[in-house]
Every structure is written in structure tokens, then in C-alpha cells.
Amino acid sequence: MSVVGLSLLGFSTVIFLIAAMVAKTWGVEPTIGKLVVTLILYSLGNLIMLRLVRDFGMSVSFSLSAVIQLIAVNAVAIIYFGEKLSGIQGIGVGLAVVAVALITLGPALAGK
């Protein structure tokens with residue numbers, strides 16, 4: 001993946017992370033403004049993802065985005081919003097990270 005691609009992936013992750021944070025605040029105190037901002041942010045993030053899919057393929061783009069967002073959203077939920085994961089949920093998150101890493105790196109590790 002090129003520097004531009006990694007930059008776009010990082011930018012989309014930040015946008016999705018902000019969207020998730022606004023969605024959480026909407027969940028606590030719903031307003032139409034928060035809903036509109038959430039929808040705009042998710043739409044912008046998905047437009048960036050469309051560019052990544054075109055440039056790098058669907059499997060690589062969405063797999064990398066999924067694992068980065070999984071880690072980032074959980075970190076924000078735990079650190080900023082004070083949410084907690086049970087032991088089983090923590091194991092599930094860990095396994096999800098491993099699964100996406102295997103999906104993403106699988107072809108390279110298999111020599112394909």
C-alpha cells in the first residue's frame with residue numbers, strides 16, 4: 001500500500017472514529033443535529049473507502065479498515081467513555097484482530 005493509500009486509510013479511520021463518538025453521544029442524548037453529523041461523517045468515511053477499494057481492492061481495504069477501527073473504537077470506548085469489556089468480550093476482540101490480520105496477510109504468508 002502506498003503512502004497516499006495509508007494516509008487515506010488513516011484519514012478514514014479518524015473520520016469513522018469521530019462518527020462513532022458522535023453516535024455514542026447521540027445514544028446518550030439524542031438530537032437531530034447529532035444524528036445528521038453522524039450520518040455525514042459515516043458517508044464521508046465511506047466515500048474515502050470507495051477510493052481505497054478502487055486502488056487496493058475490496059479485501060485489503062476493508063480488512064485493514066476493520067481491524068484499525070476495531071482497535072481504535074474499543075480504545076476510545078474504554079478510555080474516553082469508561083466502558084468495560086468482559087473477559088470473554090476481550091478475548092473476542094483479540095481473536096477478531098488475529099482473524100483480520102490472517103485474512104489480510106494470508107496471501108503474502110502463503111507466498112501468493
Side-chain angles (χ1 to χ4, degrees):
M1 188 171 272
S2 67
V3 173
V4 172
L6 287 174
S7 297
L8 286 173
L9 183 61
F11 187 53
S12 71
T13 300
V14 169
I15 290 170
F16 283 131
L17 191 56
I18 294 168
M21 292 173 71
V22 175
K24 170 68 176 183
T25 63
W26 176 86
V28 173
E29 186 180 327
T31 66
I32 192 70
K34 290 176 187 175
L35 180 61
V36 169
V37 170
T38 300
L39 291 172
I40 290 170
L41 288 168
Y42 277 123
S43 296
L44 179 60
N46 280 311
L47 288 171
I48 295 169
M49 287 305 299
L50 289 174
R51 166 69 189 266
L52 290 169
V53 167
R54 185 180 64 191
D55 292 349
F56 303 106
M58 189 169 93
S59 64
V60 170
S61 298
F62 283 112
S63 294
L64 287 174
S65 179
V67 75
I68 292 168
Q69 286 184 57
L70 175 68
I71 294 167
V73 166
N74 275 285
V76 167
I78 293 166
I79 295 166
Y80 186 77
F81 290 108
E83 295 184 4
K84 300 203 182 310
L85 292 175
S86 69
I88 295 295
Q89 290 171 322
I91 291 169
V93 169
L95 289 173
V97 170
V98 170
V100 173
L102 289 173
I103 291 166
T104 304
L105 300 174
L109 294 174
K112 293 183 181 183

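Computed from a predicted model, the values in this text were never measured in an experiment.
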Nearest-0.5 Å distance that lies between atom CG in Leu70 and atom OG1 in Thr13: 11.5 Å

Residue pair Met49 / Phe16, side-chain heavy-atom distance below 4.5 Å: yes

Sequence neighbours excluded, every pair satisfying salt bridge (charged side-chain N to carboxylate O under 4.0 Å, His left out) that has a member inside residues 39-59: Arg51-Asp55

Test side chain to side chain contact (heavy atoms under 4.5 Å, CB included) applied to Ser12 and Val14, Ile15, Leu9, the passing residue: Leu9

Verify same cluster id: Phe56, Leu8 (apolar side-chain graph, 4.5 Å): yes

Rounded distance [0.5 Å steps], OG1 in Thr38 versus CD1 in Ile18: 11.0 Å

Summary of salt bridge (charged side-chain N to carboxylate O under 4.0 Å, His left out) pairs that have at least one residue in residues 94-107, sequence neighbours excluded: none

Phe11 side, atom CZ; Leu6 side, atom CG - distance, nearest 0.5 Å: 15.0 Å

Val36-Leu39 co-clustered via ILVMFWY side chain contacts under 4.5 Å: yes

Lys34: side chain to side chain contact (heavy atoms under 4.5 Å, CB included) partners, not counting sequence neighbours: Val22, Thr25, Trp26, Glu29, Thr31

same_hphob_cluster(Ile71, Leu64) at 4.5 Å side-chain heavy-atom cutoff: yes

Flag side-chain contact, heavy atom, 4.5 Å: Leu50 against Asn46: no

Stepwise side-chain contact (heavy atoms from CB on, under 4.5 Å) test for Leu52 and Ser65: CA-CA 10 Å; Leu52 290 169; Ser65 179; over 6 Å; no

Reported CG-to-CG distance for the pair Leu41 and Leu17, which is rounded to 0.5 angstrom: 10.5 Å

Atom pair CD1 (Ile68) and OG (Ser63), whose distance is rounded to the nearest 0.5 Å: 10.5 Å

Gln89/Lys84 under side-chain contact (heavy atoms from CB on, under 4.5 Å): CA gap, chis, key distance, verdict: CA-CA 9 Å; Gln89 290 171 322; Lys84 300 203 182 310; over 6 Å; no

Same apolar cluster: Phe62 and Leu44, side chain cutoff 4.5 Å: yes

Pairwise side-chain contact, Val76 with Met21, heavy-atom cut-off 4.5 Å (strictly under): yes

